[in-house]
Amino acid sequence: MFELLEKMMLTGVGAMSMTQKKAEEMLGEMKERFNVSEEEGKAFLEKMRKNAEDTQKKLEEMAQEEIRRAAERVGVVTMDEFEKLQKKVQLLDRHVKELEKQAKEAQK
(Lines give C-alpha, C1' and ligand atoms only; values in the text may rest on other atoms or scores of the structure.)
Protein backbone atom coordinates (compact mmCIF):
# COMPACT_ATOMS: atom_id res chain seq x y z
CA MET A 1 0.00 0.00 0.00
CA PHE A 2 2.81 2.43 0.90
CA GLU A 3 4.62 1.47 -2.30
CA LEU A 4 1.55 2.47 -4.33
CA LEU A 5 1.48 5.88 -2.66
CA GLU A 6 5.22 6.32 -3.15
CA LYS A 7 4.99 5.42 -6.84
CA MET A 8 2.08 7.79 -7.39
CA MET A 9 3.87 10.65 -5.63
CA LEU A 10 7.08 10.07 -7.57
CA THR A 11 5.10 9.90 -10.80
CA GLY A 12 3.45 13.20 -9.94
CA VAL A 13 6.74 14.89 -9.12
CA GLY A 14 8.30 13.47 -12.28
CA ALA A 15 5.38 14.65 -14.36
CA MET A 16 5.62 18.09 -12.84
CA SER A 17 9.35 18.44 -13.53
CA MET A 18 8.95 16.95 -17.00
CA THR A 19 6.13 19.38 -17.70
CA GLN A 20 8.30 22.32 -16.65
CA LYS A 21 11.20 21.16 -18.83
CA LYS A 22 8.90 20.46 -21.76
CA ALA A 23 7.21 23.84 -21.29
CA GLU A 24 10.57 25.62 -21.44
CA GLU A 25 11.49 23.72 -24.60
CA MET A 26 8.13 24.56 -26.15
CA LEU A 27 8.56 28.21 -25.18
CA GLY A 28 11.92 28.36 -26.94
CA GLU A 29 10.41 26.77 -30.01
CA MET A 30 7.43 29.13 -29.92
CA LYS A 31 9.73 32.15 -29.68
CA GLU A 32 11.67 30.98 -32.72
CA ARG A 33 8.78 29.85 -34.89
CA PHE A 34 5.96 32.18 -33.92
CA ASN A 35 7.82 35.23 -32.60
CA VAL A 36 6.24 34.98 -29.14
CA SER A 37 7.05 37.85 -26.75
CA GLU A 38 8.70 37.37 -23.37
CA GLU A 39 5.43 38.27 -21.60
CA GLU A 40 3.43 35.77 -23.64
CA GLY A 41 6.08 33.16 -22.95
CA LYS A 42 6.00 33.80 -19.20
CA ALA A 43 2.20 33.64 -19.22
CA PHE A 44 2.40 30.34 -21.07
CA LEU A 45 4.91 28.91 -18.57
CA GLU A 46 2.75 30.07 -15.67
CA LYS A 47 -0.27 28.36 -17.20
CA MET A 48 1.75 25.16 -17.66
CA ARG A 49 3.00 25.37 -14.04
CA LYS A 50 -0.56 25.81 -12.78
CA ASN A 51 -1.72 22.81 -14.83
CA ALA A 52 1.13 20.73 -13.41
CA GLU A 53 0.17 21.75 -9.84
CA ASP A 54 -3.45 20.87 -10.49
CA THR A 55 -2.42 17.50 -11.87
CA GLN A 56 -0.21 16.88 -8.82
CA LYS A 57 -3.08 17.70 -6.45
CA LYS A 58 -5.42 15.38 -8.34
CA LEU A 59 -2.85 12.57 -8.17
CA GLU A 60 -2.43 13.09 -4.43
CA GLU A 61 -6.19 13.02 -3.89
CA MET A 62 -6.49 9.85 -5.97
CA ALA A 63 -3.66 8.22 -4.02
CA GLN A 64 -5.22 9.14 -0.68
CA GLU A 65 -8.60 7.81 -1.77
CA GLU A 66 -7.07 4.56 -3.00
CA ILE A 67 -5.19 4.10 0.27
CA ARG A 68 -8.38 4.77 2.23
CA ARG A 69 -10.24 2.16 0.18
CA ALA A 70 -7.42 -0.37 0.53
CA ALA A 71 -7.28 0.18 4.29
CA GLU A 72 -11.04 -0.26 4.48
CA ARG A 73 -10.87 -3.51 2.47
CA VAL A 74 -8.29 -5.07 4.80
CA GLY A 75 -9.96 -3.73 7.94
CA VAL A 76 -7.34 -1.15 8.94
CA VAL A 77 -8.74 1.90 10.69
CA THR A 78 -7.83 5.36 9.49
CA MET A 79 -6.00 7.82 11.73
CA ASP A 80 -9.22 9.82 12.14
CA GLU A 81 -11.10 6.71 13.25
CA PHE A 82 -8.28 5.78 15.62
CA GLU A 83 -8.24 9.25 17.18
CA LYS A 84 -12.02 9.19 17.64
CA LEU A 85 -11.78 5.80 19.33
CA GLN A 86 -8.90 7.00 21.49
CA LYS A 87 -10.94 10.00 22.69
CA LYS A 88 -13.91 7.75 23.37
CA VAL A 89 -11.76 5.37 25.44
CA GLN A 90 -10.33 8.29 27.42
CA LEU A 91 -13.82 9.60 28.12
CA LEU A 92 -15.05 6.17 29.20
CA ASP A 93 -11.96 5.76 31.40
CA ARG A 94 -12.74 9.05 33.16
CA HIS A 95 -16.35 7.94 33.69
CA VAL A 96 -15.27 4.58 35.13
CA LYS A 97 -12.82 6.27 37.52
CA GLU A 98 -15.53 8.70 38.61
CA LEU A 99 -17.98 5.85 39.20
CA GLU A 100 -15.34 3.93 41.18
CA LYS A 101 -14.70 7.02 43.29
CA GLN A 102 -18.43 7.43 43.92
CA ALA A 103 -18.77 3.75 44.82
CA LYS A 104 -15.92 3.97 47.36
CA GLU A 105 -17.45 7.08 48.93
CA ALA A 106 -20.86 5.38 49.11
CA GLN A 107 -19.33 2.38 50.95
CA LYS A 108 -17.97 4.61 53.73
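The basis for the numbers below is simple: all heavy atoms, side chains too, and nothing from hydrogens, waters or symmetry mates. From a predicted model like this one, the values you see are computed outputs, not experimental measurements.
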Checklist entry - CD1 of I67 to OG1 of T78: how many Å apart, nearest 0.5 Å? => result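 Between atom CD1 of I67 and atom OG1 of T78 there are 12.5 Å.
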Checklist entry - Hey, what do you get for CG (L99) to NE2 (H95), rounding to the nearest 0.5 Å? => result 8.5 Å
Next on the checklist: Tell me whether V89 shares a hydrophobic cluster with L91, the cluster being built from Ile, Leu, Val, Met, Phe, Trp, Tyr side chains joined at under 4.5 Å.
Outcome noted: no
Item to check | Pairing residues for E65 by the side-chain contact (heavy atoms from CB on, under 4.5 Å) criterion, not counting sequence neighbours | outcome: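 Once residues adjacent in sequence are excluded, the partners of E65 under the side-chain contact (heavy atoms from CB on, under 4.5 Å) criterion are R68, R69.
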Item to check | E105, CD: over 12 other non-hydrogen atoms inside 6.0 angstrom | outcome: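 Counting other residues, nucleotides and ligands, CD of E105 exceeds 12 neighbours.
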Item to check | Partner residues of K104 under the salt bridge (Lys or Arg N to Asp or Glu O under 4.0 Å) criterion, sequence neighbours left out | outcome: none
Checklist entry - Can Q64 and E60 be said to form a side chain to side chain donor-acceptor pair (under 3.5 Å), step by step? => result CA-CA 6 Å; Q64 289 174 352; E60 288 174 9; 5.6 Å; no
Checklist entry - Between K50 and D54, is there a salt bridge with N-O shorter than 4.0 Å? => result yes
Next on the checklist: Once side-chain hydrogen bond (donor to acceptor under 3.5 Å, both in side chains) is applied, what residue pairs with a partner in residues 83-93 remain, sequence neighbours excluded?
Outcome noted: D93-K97
